[in-house]
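This report concerns only the one structure given below.
Letters A, B, ... are given to chains in the order of the sequence lines, protein chains preceding strands, and every chain is numbered from 1.
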Amino acid sequence: MKILVPIKRVPDPYAKVRPLSDGSGLDLSNIKFEINPFDEIAMESAVTQKETHGNIEIISVSIGISDCETQLRKSLAMGADRGVLIETQDQLDPGQIADELKAVVESEGIDLVIMGKQATDDDNNQTGQMLAAKLKWPQATFASKITLENSHATVVRETDLGDETVKVPLPCIITADLRLAEPRYIALPGIIKAKSKPLEKRSRTSSGTSRIHVDKIESSARKSSCKKVGNVDELIVELKKVGAI
Amino acid sequence: MKCLAIIFNSSEGKYCAQFAKSLGIEFDVVSFSGSVEDGFGAQKVSVVSGQDCLSDSAADFIAKNAGDYKYIFAVSSMASKDVLARAAGLCDAPMITDVVATLSPSQFKRPILAGAAIATVSVDAPLLILTFRPAGYQSIEVRNSEVIPSEVQLDSASKMTVISKAARSGARPDLSRANAVVSGGKPLKDAATFELIIGGLADKLRGAVGATRAAVDSGIAANELQVGQTGKIVAPDLYIAAGISGSTQHVAGIKDSKIIVAINKDPDAPIFDVADFGLVADLFQAVPELTSKLP
């Protein structure tokens, strides 16, 4: 079985990233880049499946500038067998990313895609579903548990109302939610081994750049002047004053 | 030119009418949540019959009916992101998630970076798919209207099978739609204490219960109660945060609330930076006292 895990390079989700003062973009100077945390969870889940079942090849793929190689190498250190970098300077929207991923799925004969439910930079939450649509494969989004069997996956999904368990025939797309797996610590031997794993560079198979144009980015601090109250009685008075109770 | 609202929960009709009005065009409704009580000015309402709204068959249905529309949209939820992003993939249409403001029919605002920044984005496409957060549209007035819904069937069967579904617990309102939300963090210690203290105040306010990611991860509260960028986005009239420090991730999920109250014994907790009212106190005393003194 072949599992594909897409890897997105994102600004460190724990760093304070601020918009540039002219609003033209984000100030990314001195910001480290990491694997999108949800993709890291997806990769961990794929590696766990391989450890459980054996006979699985894991391919990681990233789309973007040559620097994405760093995140791909990390995915190889986590346990992917080989990496593919679709090298491009183009800004792509999720539908166009899905087109590129579809081409990889088809050329590699992928049986299962496990990927993050969203990236922590643009928070779109679209690419997995769009890839599933383009492949006409079923999708199990927001997965918190995956059990692989021969011809299908049983997936526990988080929904608005609580957990739901679905049975999905393979091939399919599964998107990872927070609780699917906890990414492992990568020990030094893994990092060294990753350096010799194959990493292939390819060009885009489709054309066009993002149909969604970012005009401006501004910071979004909630304006509040917190009124401190001394006790519960004062709080109740204040809440009555503003009509909240 | 028309737009199409997709409804996944019967309370979303009004919000969708408000969003349609922000675009300035007439709208039809497709409901996956059974009958709708009011049309709010919709020209046509179609109710999809059947039990489960599964992503593949639902998206097929939307894509097949997309031809008449310039926009297809729904209130942001896990269900709408699951289905509409798939429909966007089928239609090869661009999509904008979590819209919080309509600047023009082709320009919108949406949060990025877990809510730390707001992006203004524009798009020019024959069909645009969107999910939006209702909080930014609540002041738009919409009219009530009688509606005779037509029943429609999905024409393709899902490849998926639902094996089990967690039943919604208790009689509390839905977290993302409640007028009041009381949330607790990890200091609540265990599930029973959490339910007693946080649940007690929520019930007094006839509100919903929420929790931080730390509380959920440590097993004090159920997954679906998680409030924040990676959980539910809430915008109630009253949000009470008890024993919550106020991480960026959590604040991203609550900042559209009208009034935020923070109860925390640490006077320097960042939650006070976003709260309207703050009480520096031990939640184990202050919250039960508030519960007992509320009318």
Side-chain angles (χ1 to χ4, degrees), chain A residues 13 16-19 26 93-95 98 120-126 129-134 138-142 144 154 158-169 178-179 211-220 222 224 226-229 231-233 235-236 238-239 242 244-245, chain B residues 55-56 59 77-79 81-82 85-86 88-90 92 94-98 107 111-123 125 159-166 168 176 222-224 229-230 237-238 251 255 259-261 272-280 286 289-290 293-294:
Chain A
K16 282 244 181 279
V17 179
R18 291 174 210 286
L26 295 169
D93 64 47
T120 54
D121 52 357
D122 53 26
D123 290 326
N124 276 322
N125 199 327
Q126 298 172 13
Q129 296 91 308
M130 288 177 172
L131 175 60
K134 286 167 192 281
Q139 69 195 39
T141 48
F142 315 120
S144 59
T154 302
E158 297 190 16
T159 75
D160 298 297
L161 307 176
D163 287 348
E164 173 185 276
T165 306
V166 290
K167 190 172 159 182
V168 195
L178 209 55
R179 293 170 192 87
R211 294 163 288 182
I212 297 163
H213 185 258
V214 178
D215 302 320
K216 190 168 76 171
I217 296 178
E218 56 205 316
S219 84
S220 73
R222 176 185 157 100
S224 122
C226 181
K227 184 165 186 182
K228 289 269 172 78
V229 294
N231 54 49
V232 168
D233 294 326
L235 178 62
I236 291 174
E238 294 294 344
L239 291 178
V242 294
I245 53 172
Chain B
S55 51
D56 49 356
S77 66
M78 295 171 91
K81 287 172 187 174
D82 189 31
R86 187 177 177 102
L90 292 172
D92 199 23
M95 173 164 178
I96 307 177
T97 327
D98 293 329
Q107 198 183 40
I112 57 169
L113 294 166
I118 300 284
T120 300
V121 296
S122 52
V123 56
K159 288 180 183 163
M160 299 157 72
T161 323
V162 176
I163 294 172
S164 67
K165 256 183 201 189
R168 275 270 310 281
S176 40
N223 285 357
E224 64 270 21
Q229 185 65 19
T230 50
D237 293 334
L238 176 62
V251 170
K255 60 179 154 200
I259 298 289
I260 296 177
V261 174
F272 290 116
D273 298 338
V274 297
D276 299 284
F277 300 107
L279 176 59
V280 179
E289 186 187 340
L290 181 59
K293 286 182 172 169
L294 280 174

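Among Gln126(A), Met130(A), Lys134(A), the residue with the largest count of heavy-atom pairs under 4.5 Å with chain B is Gln126(A). Ranked by heavy-atom pairs under 4.5 Å with chain B, the first of Gly95(A), Ala132(A), Ala244(A), Pro13(A) is Ala132(A). In terms of heavy-atom pairs under 4.5 Å with chain A, the best-connected choice from Val123(B), Asp237(B), Val121(B), Thr230(B) is Val121(B). Of the listed residues Ser122(B), Ala117(B), Pro94(B), the one with more heavy-atom pairs under 4.5 angstrom with chain A than any other is Ser122(B). Residue with the most contacts toward chain B among Asn231(A), Ile236(A), Leu178(A): Leu178(A) (heavy-atom pairs, distance under 4.5 Å). Looking only at heavy-atom pairs under 4.5 Å with chain B, the residue among Gln139(A), Glu164(A), Lys16(A) that has the most is Gln139(A). Ranking Leu238(B), Val162(B), Ile118(B), Asp56(B) against chain A, the residue ahead of the rest is Ile118(B), based on heavy-atom pairs under 4.5 Å. When Leu131(A), Val168(A), Val17(A), Asp233(A) are compared by the number of non-hydrogen pairs under 4.5 Å with chain B, Asp233(A) comes out ahead. For the options Ala222(B), Gly89(B), Ser164(B), Ala88(B), heavy-atom pairs under 4.5 Å to chain A are most numerous at Ser164(B).
With a 4.5 angstrom heavy-atom cutoff, Leu290(B) touches chain A via backbone and side-chain atoms both. With a 4.5 angstrom heavy-atom cutoff, Pro138(A) touches chain B via backbone and side-chain atoms both. Neither the backbone nor the side chain of Arg18(A) comes within less than 4.5 Å of any heavy atom in chain B. Residue contact with chain B, scored on non-hydrogen atoms closer than 4.5 Å, involves the side chain of Ile245(A) exclusively. Both the backbone and the side chain of Ala286(B) come within less than 4.5 Å of a heavy atom in chain A. Proximity to chain B (any heavy atom under 4.5 Å) is restricted, for Val242(A), to the side chain, taken from C-beta onward. Interface remark: Ala119(B) contributes backbone and side-chain atoms alike to the contact with chain A (heavy atom separation under 4.5 Å).
The minimum heavy-atom distance between Thr97(B) and Asp123(A), with the atom names listed, is CB-O, 4.5 Å. Counting all heavy atoms, side chain and backbone alike, Asp121(A) lies closest to Ile112(B) at O-CB, 3.4 Å. Among all heavy-atom pairs drawn from Thr159(A) and Glu224(B), the shortest one is O-CB, 4.5 Å. Shortest non-hydrogen contact noted between Asn125(A) and Ala85(B) is O-CB, 4.1 Å. Closest non-hydrogen pair, Ala79(B) versus Asp160(A), comes out as N-OD2, 3.0 Å. Taking all atoms of both residues into account, the shortest heavy-atom contact from Leu279(B) to Val229(A) is CD1-O, 3.4 Å.
To the nearest 0.5 Å, atom CG of residue Asp122(A) and atom CG of residue Asp98(B) are 11.0 Å apart. The line from CG of Leu161(A) to NZ of Lys165(B) is 7.5 Å long, rounded to the nearest 0.5 Å. Taking OG1 of Thr120(B) as the reference point, atom NZ of Lys216(A) lies at 5.0 Å (rounded to 0.5 Å). Rounded to the nearest 0.5 Å, atoms NZ (Lys81(B)) and CD (Gln129(A)) are 9.5 Å apart. Note that CG of Asp92(B) and CZ of Arg211(A) are 5.0 Å apart. Values are rounded to the nearest 0.5 Å. Between the CD1 atom in Ile163(B) and the OG1 atom in Thr154(A) there is a gap of 4.5 Å [rounded to 0.5 Å].
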Starting from the C-alpha separation in whole Å, work towards a yes-or-no answer on side chain to side chain contact (heavy atoms under 4.5 Å, CB included) for Lys228(A) and Val280(B). CA-CA 8 Å; Lys228(A) 289 269 172 78; Val280(B) 179; 4.0 Å; yes

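Taking the side chain as every heavy atom from C-beta outward, Glu289(B) and Leu235(A) never approach each other to under 4.5 Å. Ile217(A) places none of its side-chain heavy atoms less than 4.5 Å from the side chain of Leu113(B).
The salt bridge (Lys or Arg N to Asp or Glu O under 4.0 Å) check on Asp215(A) picks up nothing, with sequence neighbours excluded. Every residue two or more places apart in sequence or in another chain was checked for a salt bridge (Lys or Arg N to Asp or Glu O under 4.0 Å) with Lys159(B), and none qualifies.
Applying the 6.0 Å contact sphere to NZ of Lys293(B) captures more than 12 heavy atoms from other residues, nucleotides or ligands.
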